[in-house]
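As structure tokens, the structure follows; a few thoughts come after it.
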2 protein chains.
Amino acid sequence: MSLRFAIITSLLEREATGLELTRRFDRSFGYFWPASHQQIYRELRSLLDAGLIEEKGDPARPGRGQPRVVGVTEEGVASLRRWIGELDEPRPERSSLAVRIRAAAATGELGGVEDAVRRHLAAHTATLETYREIERRDFADRLLDAEGELHHLVLRSGLANEQAWIGWCEDALELLQRLRRSE
Amino acid sequence: MSLRFAIITSLLEREATGLELTRRFDRSFGYFWPASHQQIYRELRSLLDAGLIEEKGDPARPGRGQPRVVGVTEEGVASLRRWIGELDEPRPERSSLAVRIRAAAATGELGGVEDAVRRHLAAHTATLETYREIERRDFADRLLDAEGELHHLVLRSGLANEQAWIGWCEDALELLQRLRRSE
DNA sequence: GCCGTTTATGCAACGAGTTGCACAAACGGC
DNA sequence: GCCGTTTGTGCAACTCGTTGCATAAACGGC
């Protein structure tokens, strides 16, 4: 359900073609709700059918290969407003790295895990750096409007998450090295 | 793919019936890789077909309604060992709460979001408390073997994650209240 | 002996995300 | 004018997770 409303929100910020949306989901929006262009086009179809978005600009042009700009309808805005207040449980976190570590604990096969943790550490470090750059670029000045503050809040969620991961990864590497030495 | 190996790992720690496995995924194992009993039975079928697990005990009994104990085969252990070292990219995090906040920022509909954040805060606080109880119960003494240390490491990952969320939620509530007052 | 609950296994349909690929117009080089 | 690349839209098949329900034995109460 969230993809639907992520798209509506993004289109509300500014109307776009499918590909433009895809690019937004590659940079900013995708940091908290990633989506491929296939997902996006599929969802756009469904949103059009539901009347929550509509085609803007010349509708005479037939489609395939041609950019199609879409925007949010009144109904779309209304459904978004309704959705904001709906119940949502935090979705269960899944960590394949944790599974790997339990598997390593059960088999005694510790070698491969250390590499896996190192790769995770590198990935999270890179992501953190990306987020920091965005923060420097977009949120450096103290005076933000409400929208800016909220965007910053979302970014800080990513920052906190990455920092937590990095701290844990370092912790994990230390333990794994200690276990390796004392074998 | 991870569910497969989560199940093999759990069965390696001790063989079990489908329902016993389900219970493990409700308590310990499910904290980092949740799974419903439907998912588990489906995967068990596929693991049996692949020869990675096998039925233990009397195979004469026909099944439906009767407990069936399964254990890991040699091949199962081998495939688990192979999997441990395989590449895995950290799977993209998805946060519906972040989407909601962006939606709130775009529409100006801030009321519902504050509730949503409060619910998340409550959920994460409860989970943190659960993890802390497990830590007190299972990892209180300083002298753990390698397996124990690794289990503790996995638990600490959950602890760090929940703490990060809680900190951010409090931050978020503060901001939302400030924005509400200054409207 | 019947009946509701618990234990246990399982199917079917759906929804969401992933992977691989196809098709079409436009643009730039030569 | 042809050809490769870029821009853009889109389908199909698959995997994984969720929801709702079916089935069957065993146990306990009365």
Side-chain angles (χ1 to χ4, degrees), chain A residues 1-7 11 15-26 29-30 32-50 53 55-70 83 87-96 99, chain B residues 1-7 11 15-26 29-30 32-50 53 55-70 83 87-96 99:
Chain A
M1 209 66 308
S2 294
L3 177 59
R4 231 184 152 72
F5 296 105
I7 289 176
L11 287 177
E15 53 189 45
T17 65
L19 198 66
E20 275 166 15
L21 264 178
T22 301
R23 282 199 265 262
R24 291 185 204 166
F25 276 84
D26 282 340
F29 229 101
F32 49 91
W33 203 275
S36 63
H37 80 269
Q38 292 93 334
Q39 265 181 288
I40 289 167
Y41 282 113
R42 187 207 269 162
E43 198 63 45
L44 285 179
R45 166 66 44 210
S46 146
L47 284 164
L48 279 167
D49 290 348
I53 63 173
E55 238 171 298
K56 301 285 182 178
D58 187 6
R61 295 197 297 176
R64 194 99 203 196
Q66 292 304 91
R68 295 170 63 195
V69 177
V70 291
W83 176 76
L87 259 163
D88 86 304
E89 296 302 308
R91 46 168 43 212
E93 311 270 351
R94 286 186 164 83
S95 165
S96 60
V99 177
Chain B
M1 212 61 315
S2 294
L3 176 58
R4 233 183 150 69
F5 295 105
I7 289 175
L11 287 177
E15 53 189 45
T17 67
L19 197 67
E20 276 167 14
L21 264 178
T22 302
R23 280 200 266 262
R24 290 184 203 167
F25 276 83
D26 283 340
F29 228 101
F32 49 90
W33 203 276
S36 64
H37 80 269
Q38 292 92 332
Q39 264 181 290
I40 288 166
Y41 282 114
R42 188 205 269 165
E43 198 63 45
L44 285 179
R45 164 67 43 212
S46 144
L47 284 164
L48 279 167
D49 290 349
I53 62 173
E55 237 171 300
K56 301 285 183 179
D58 187 9
R61 295 198 299 178
R64 196 103 202 193
Q66 293 302 94
R68 296 170 63 195
V69 176
V70 291
W83 177 76
L87 259 164
D88 86 305
E89 296 304 306
R91 44 167 44 209
E93 311 271 350
R94 286 186 163 83
S95 166
S96 60
V99 177

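Order of the sequence lines sets the chain letters (A, B, ...), proteins ahead of strands, with each chain counted from 1. The structure presented is a predicted model; accordingly, all values stated were derived computationally and were not measured.
At whole-Å resolution of the value, CD1 in A:I40 and P in D:dG10 are 13 Å apart. If you measure from atom CD of A:Q39 to atom P of C:dC21, you get 19 Å, rounded to the nearest angstrom. The interatomic distance linking B:Y41 (OH) with C:dA12 (P) rounds to 17 Å, in whole Å. In this structure, the CD atom of B:E43 is 7 Å from the P atom of D:dC16, given to the nearest Å. Taking atom CZ of residue A:F25 and atom P of nucleotide C:dT18, one finds them 13 Å apart after rounding to whole Å. What separates CG of A:L19 from C1' of D:dT6 is a distance of 10 Å, to the nearest Å. One interatomic measurement links the two molecules: CD of B:E55 to P of C:dA8, which rounds to 15 Å at whole-angstrom precision. Between A:L47 atom CG and D:dG10 atom P the separation is 13 Å, expressed in whole Å.
Minimum heavy-atom separation, B:P67 to B:T17: CB-CG2, 4.0 Å. Nearest heavy-atom pair, B:S96 versus A:W33, reported as atom, atom and distance to 0.1 Å: N-CZ3, 3.6 Å. Across B:W83 and B:S2, no two heavy atoms sit closer than the pair CZ2-OG, 3.9 Å. Closest approach of A:A35 and A:L3 over heavy atoms only: CB-CD1, 3.7 Å. Shown here for A:L47 and A:I7, the closest heavy-atom pair between the two residues is CD1-CG2, 3.8 Å. Nearest approach of B:L48 to B:R68, heavy atoms of both residues: CD1-NH2, 3.8 Å.
Phosphate contact (OP1/OP2 of C:dA16, side-chain N/O of A:W33, threshold under 4.0 Å): absent.
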Between the protein and nucleotides 12-15 of chain D, which nitrogen or oxygen pairs are less than 3.5 angstrom apart?
unit_1	atom_1	unit_2	atom_2	d
D:dA13	N6	A:R42	NH2	3.4

> Yes or no on side chain to side chain contact (heavy atoms under 4.5 Å, CB included) for A:S36 and A:F25, after CA distance, side-chain angles and deciding distance?
Replying inline: CA-CA 8 Å; A:S36 63; A:F25 276 84; over 6 Å; no
> So A:S46 and A:R4, side chain to side chain donor-acceptor pair (under 3.5 Å) or not? Walk me through it.
Replying inline: CA-CA 9 Å; A:S46 146; A:R4 231 184 152 72; 2.9 Å; yes
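Nucleic acid contact for B:R23: sugar-phosphate only, since backbone atoms but no base atoms lie under 4.0 Å from a heavy atom of the residue. Residue-level contact check: B:T17 touches the backbone only, with heavy atoms under 4.0 Å from sugar-phosphate atoms and none from bases. Among the protein residues, B:R94 comes within range of the sugar-phosphate backbone only, with heavy atoms under 4.0 Å from sugar or phosphate atoms but none that close to a base.
Atom-to-atom distance recorded for B:I40:CD1 and B:L21:CG is 6.0 Å, nearest 0.5 angstrom.
Note that the two end axes of the helix from C:dG1-D:dC30 to C:dC30-D:dG1 enclose an angle of 0°, each drawn from 5 base pairs, rounded to 10 degrees.
The side chain of B:R68 has C:dT9 as its nearest neighbour among C:dG17, D:dG8, C:dT9. The side chain of B:H37 lies closest to D:dC21, out of D:dC21, D:dT18, D:dG8.
Using cut-offs of 30° and 60° on the angle between ring planes, the pair B:F29 and B:F32 is tilted.
Of the two residues contacting DNA chain C, namely A:R91 and B:R45, the nearest-nucleotide position lying further toward the 5' end is that of B:R45.
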